[in-house]
Participant: 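This is the structure I have questions about; it appears just below.
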Amino acid sequence: MADKEQVIQEKVEQDGLMDFPALYSYAHSIFKEELYGIDEEKYIEKITGNKRDITIEWKATKQLSDYFRIEDKIKFEIKNMTDVEVEIDGAKKKMNKGQITIDIKGIVVKDFDSKWEKSPFTRFTRDVYNKYIIPSRVRDTKEKIKLDIITFKEKIKAFLELSGRR
C-alpha cells in the first residue's frame, strides 16, 4: 500500500457574483498546464426552484519520479447558485450568484506502485530509506506541493475577485 501524507489544506470562500463555468475551466487549465492528470470523482447537482447546489470533487495527480507522486484533491461546493444578468461595459452578460467554497488538499504519495510492500523486510527498508537516506528529497517534495497549492489558491482568489467585482 502506498504511503500517503497530507501536506497542506487550504480553503477559498466567496459569496456573491461569479462566472462559475469560467472558474471551472480556469481551474482545470491551471492543472493541465502543470501536466497533472485530472479525474472528476464526483458531481452532484441539486435543483430547488431557480437555485442550484453543486458539489464537484477532483483528484489531480502528477508523477514526479518512480517513487513520488503528487495527489491534489479539490472540492467545489456551490450553494444557492442562481443565474443573473449583469451589465459589464455596457454589454449584458450572464453570470452566477451564490456561495462558493473550494477545499484544496495537497498529498505526497511515496511508493505509489507499492513496490516496497512485498514483505515486512522491504517495508522496513522503505521506512529506513524515507527516514535516513532521502529526507531532503521528501522535504523538497513537500515544499513543492505546498507552493503549488498556495499558488493555485491565490490564482483562484484573484480570478474570483476579478470576475465578481466587474
Side-chain angles (χ1 to χ4, degrees), residues 1-15 18-46 53-79 81 96 98-164:
M1 179 178 203
D3 183 16
K4 292 184 179 188
E5 180 184 346
Q6 182 174 317
V7 177
I8 186 170
Q9 181 171 0
E10 292 287 331
K11 183 182 274 194
V12 177
E13 295 179 310
Q14 180 171 312
D15 188 359
M18 69 184 118
D19 186 349
F20 182 69
L23 171 66
Y24 183 95
S25 179
Y26 179 66
H28 194 273
S29 71
I30 292 171
F31 283 106
K32 280 297 181 186
E33 285 174 9
E34 295 295 323
L35 305 175
Y36 279 80
I38 303 171
D39 291 327
E40 188 170 279
E41 295 184 322
K42 183 190 272 188
Y43 180 92
I44 299 171
E45 184 171 0
K46 295 178 184 173
D53 292 343
I54 300 172
T55 301
I56 301 170
E57 293 181 10
W58 287 351
K59 181 167 86 172
T61 57
K62 181 178 182 178
Q63 185 173 329
L64 297 178
S65 67
D66 59 349
Y67 189 71
F68 290 107
R69 182 172 69 196
I70 297 173
E71 189 174 286
D72 295 339
K73 295 191 179 257
I74 301 88
K75 182 177 184 180
F76 298 89
E77 285 187 310
I78 303 95
K79 303 285 183 196
M81 186 168 78
N96 309 108
Q99 300 93 33
I100 184 166
T101 303
I102 305 170
D103 285 315
I104 313 151
K105 294 178 184 174
I107 300 165
V108 62
V109 183
K110 296 176 265 185
D111 188 27
F112 60 88
D113 284 338
S114 299
K115 292 178 182 175
W116 296 46
E117 282 289 322
K118 295 181 172 100
S119 71
F121 176 73
T122 57
R123 283 192 296 276
F124 171 75
T125 306
R126 180 191 64 198
D127 291 341
V128 169
Y129 181 68
N130 286 336
K131 191 171 183 178
Y132 298 108
I133 299 173
I134 62 161
S136 63
R137 284 183 56 205
V138 172
R139 186 176 50 255
D140 292 347
T141 301
K142 288 179 181 180
E143 288 303 314
K144 179 187 177 4
I145 291 170
K146 286 179 186 176
L147 181 63
D148 287 353
I149 294 296
I150 291 169
T151 301
F152 176 77
K153 175 188 170 186
E154 294 304 318
K155 286 180 178 182
I156 293 299
K157 281 173 56 177
F159 183 88
L160 286 169
E161 279 288 315
L162 287 175
S163 65

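Just so you know, these numbers use all the heavy atoms, side chains as well, and skip hydrogens, waters and symmetry mates. Bear in mind the structure is a predicted one, so any value in this text is a computation, not a measurement.
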Participant: Passes side-chain contact (heavy atoms from CB on, under 4.5 Å), Ile149 versus Ile104? Steps please.
Facilitator: CA-CA 7 Å; Ile149 294 296; Ile104 313 151; 3.5 Å; yes
Participant: For a side-chain contact (heavy atoms from CB on, under 4.5 Å) check, start with the C-alpha distance between Thr61 and Ile38, then their side-chain angles and the critical distance, and finish with the verdict.
Facilitator: CA-CA 7 Å; Thr61 57; Ile38 303 171; over 6 Å; no
Participant: Has Phe124 got more than 12 heavy atoms of other residues, nucleotides or ligands less than 6.0 Å from its CZ?
Facilitator: no
Participant: Given Lys32 and Glu34, is the salt bridge (charged side-chain N to carboxylate O under 4.0 Å, His left out) satisfied, shown in steps?
Facilitator: CA-CA 5 Å; Lys32 280 297 181 186; Glu34 295 295 323; over 6 Å; no
Participant: About how many Å separate CZ of Arg139 and OG of Ser136, when rounded to the nearest 0.5 Å?
Facilitator: 5.5 Å
Participant: Quick one: does Ile74's side chain get under 4.5 Å of Asp72's, heavy atoms only?
Facilitator: yes
Participant: May I ask you to decide if Ser65's main-chain N or O and Gln63's side chain share a donor-acceptor pair within less than 3.5 Å?
Facilitator: yes
Participant: Looking at every non-hydrogen atom in both residues, tell me the closest pair between Ile156 and Ala27 and how far apart they are.
Facilitator: CD1-CB, 3.8 Å
Participant: Within the structure provided, determine whether Lys110 and Tyr67 are in side-chain contact (heavy-atom separation under 4.5 Å).
Facilitator: yes
Participant: Tell me, do Ile70 and Val108 make a side-chain contact under 4.5 Å, heavy atoms counted?
Facilitator: no
Participant: Say whether, by atom type as modelled, one donor and one acceptor occur between the side chain of Ser25 and the main chain of Pro21 under 3.5 angstrom.
Facilitator: no
Participant: Any idea how Phe31 and Phe152 line up, ring-wise: parallel (<30°), tilted (30 to 60°), or perpendicular (>60°)?
Facilitator: tilted
Participant: Could you walk me through whether Gln14 and Gln99 pass the side-chain contact (heavy atoms from CB on, under 4.5 Å) test, one step at a time?
Facilitator: CA-CA 6 Å; Gln14 180 171 312; Gln99 300 93 33; over 6 Å; no
Participant: With a 4.5 Å limit on heavy-atom distance, are the side chains of Glu40 and Ile56 in contact?
Facilitator: yes
Participant: Does the pair Thr55 and Phe76 meet the rule for a side-chain contact (heavy atoms from CB on, under 4.5 Å), with working shown?
Facilitator: CA-CA 6 Å; Thr55 301; Phe76 298 89; over 6 Å; no
Participant: Where the side chain of Asn96 meets the backbone of Phe20, is there a donor-acceptor pair that is under 3.5 Å apart?
Facilitator: yes
Participant: Is there a side-chain contact between Ile8 and Glu10, using heavy atoms and a 4.5 Å cut-off?
Facilitator: yes
Participant: So does Asp3 get a backbone contact from the side chain of Asp111, meaning a donor-acceptor N/O pair under 3.5 Å?
Facilitator: no
Participant: I need the single residue from Glu5, Arg69, Lys73 that forms a side-chain contact (heavy atoms from CB on, under 4.5 Å) with Ile107. Which is it?
Facilitator: Lys73
Participant: Which word best sums up how the rings of Tyr24 and His28 line up, parallel for under 30°, tilted for 30 to 60°, or perpendicular for over 60°?
Facilitator: parallel
Participant: With the side chain counted from C-beta on, respond yes when Thr101 and Lys11 share a heavy-atom pair under 4.5 Å apart, and no when they do not.
Facilitator: yes
Participant: Do Asp148 and Tyr36 have side-chain heavy atoms sitting under 4.5 Å apart?
Facilitator: yes
Participant: Can you check whether Thr122 reaches Glu117 side chain to side chain, under 4.5 Å on heavy atoms?
Facilitator: no
Participant: Quick check: Phe112 with Phe68 (ring centres under 6.0 Å apart)?
Facilitator: no
Participant: Over all heavy atoms of both residues, which pair between Val138 and Asn130 is shortest? Give the atoms and the distance, please.
Facilitator: CG2-O, 4.3 Å
Participant: Do you know which two heavy atoms are closest between Ile54 and Glu45, and how far apart they sit?
Facilitator: CG1-CG, 3.9 Å
